[in-house]
Amino acid sequence: MFESLSMAPPDPILGLNEAFRKDTNPRKINLSVGVCKDSQGSTPILASVKEAEQRLLVNETNKSYLPIEGSANYGKFVRELLFGAGHEILASSRATTAQTPGGTGALRVAADLIKRKLPVGKVWFSKPTWDNHLNVFASAGLAVDSYAYIDAAGQGLDFAALTAALEAIPRGDAICLHAGCHNPTGIDPTPEQWQQIADIVHDRGLLPIVDFAYQGFGVGIDEDAAGLRQLARPGKELLVCSSFSKNFGLYNERVGALTMVAPTAAAADAALSHAKVCIRVNYSNPPCHGAAIVSTVLGDMALRAQWESEVAEMRQRISGMRRLFVDTMKRKAPSRDFSFISRQRGMFSFSGLTPLQVDELRTKHGIYVVVNGGRINVAGMTEGNMEQLCDAITAVIGSAEGRRRMAEGLSPLSGWELPAILVERHVCGG
Ligand code: LMR
């Protein structure tokens, strides 16, 4: 049977990582997958995480299975981080949490739960969105569609188009919102805009699915939850898919959570019971180690303070790289304005480089960025690779091919398509 198979297309993000590893160019730079680098270009383990691991090594007494929904203690820490200690949702116990293998695991459990139990017509995503979103939800058998998000230049939010699109979503559908540090654009609504978004979402009875993968990478740990907390209104329902891959640097430990907020404690318990059915038939129960690290850090005042300062350090480094990139590009390509990059937040920016330019960047210069909008992982830039990176970008936007693409007036979304075969079957309008 396998002999009849041709190769599946590589993943648009993780496939680039594989290609990068095979590339023998000694000057190659990886700005594709969202991993945070330090000024030396490495991804060290956070000191708070190392300390927690040492404590776990000494204190752990067994390796038996976790419950299907994972550790209850971890769930409590997740909810406190999301909503803030003392929030009405916590006081009324109307949220339950399942520990999941990464944020992607949370998204898939959410998708399975919706498909199995909720009367949702379609799930709506910003255009553009993370490359994997549509496939995760379509793989669960859900219909997916997109709503307007960025402006025509691809540099800011088109708030009027966004609100008009939200108003047009049929009542009772689900909508995926990025809590902050939007992936792939780095373009976020302001707190005032979040308030209006939450008004529309709840007025129309839409089910918000909040993807929260970068808490602390925008403005601060609490500040970054502002949009989520706007949506978390009395009596309202929502799903939150969160991840500690980035803010704890626990990429390969796969630590995430699905939090279900319901109008009552009994309804939240019922939601969790169905999420457990979805989990049991998928991966049975979650891995322990990463979540144990998170619980150890968040449960100890000193470790928590250390972690918060490590998150602040990562955030400040990313902002510094944004400024350095803008300044370096100003020097190298003064006719092209990249100042919008320093107004964006989090790890990613939508550079607006076209697919051909992205290809030229990789093949001629050994620089890997994601095709979708020319997404650049700003957190992978360093003082050491900035000159080389900006020289290469200057070369590709100035090359004959680059000029032709710009003259064609291709939109920044030209590299963004609804992905792959699965989505074709489920997406509205084919
Ligand atoms: C990314 O967008 O690069 C990260 O979220 C990693 C991934 O799984 O795609």
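First listed ligand is number 1; within each ligand, the first listed atom is number 1. As the structure is a prediction and not an experimental result, all values here were calculated from the model.
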Check: Among all protein non-hydrogen atoms, which one is nearest to atom 4 (C) of ligand 1, and what is the separation to 0.1 Å?
Finding: Lys246 NZ, 3.1 Å
Check: Looking only at N/O atoms, are Gly34 and ligand 1 under 3.5 Å apart anywhere?
Finding: yes
Check: Nearest protein heavy-atom contact for atom 8 (O) of ligand 1: which residue, which atom, what distance?
Finding: Trp130 CZ2, 3.6 Å
Notebook entry, point to check: Are the aromatic rings of Phe325 and Phe338 close, with centres under 6.0 Å apart?
Noted result: yes
Check: Does some non-hydrogen atom of Asn183 fall short of 4.0 Å from ligand 1?
Finding: yes
Check: Is it true that atom NZ of Lys332 has more than 12 heavy atoms of other residues, nucleotides or ligands lying nearer than 6.0 Å?
Finding: yes
Checklist line | Under-4.0 Å heavy-atom contact with ligand 1, by part of Ile13 that carries it | finding: side chain
Next item on the list: Report the C-alpha distance between Phe350 and His182 in whole Å, list the side-chain angles of each, state the deciding distance to 0.1 Å, and finish with yes or no for ring pair (Phe, Tyr, Trp, His ring centres under 6.0 Å).
Entry: CA-CA 10 Å; Phe350 212 48; His182 183 270; 8.3 Å; no
Margin query: Students should be able to answer this: which protein heavy-atom is nearest to atom 2 (O) of ligand 1, and at what distance?
Written below: Arg375 NH1, 2.8 Å
Checklist line | Ring centroid separation Phe125 to Phe137 under 6.0 Å | finding: yes
Next item on the list: Check each atom of ligand 1 against the heavy atoms of Val33 and keep those under 4.0 Å away; list them by number with element.
Entry: 3 (O), 6 (C)
Check: Any sub-3.5 Å donor-acceptor pair from Arg375's side-chain atoms to Ser351's backbone N or O?
Finding: no
Next item on the list: Please determine if Glu308 and Arg304 form a salt bridge, counting it only when a charged side-chain N lies under 4.0 Å from a carboxylate O.
Entry: yes
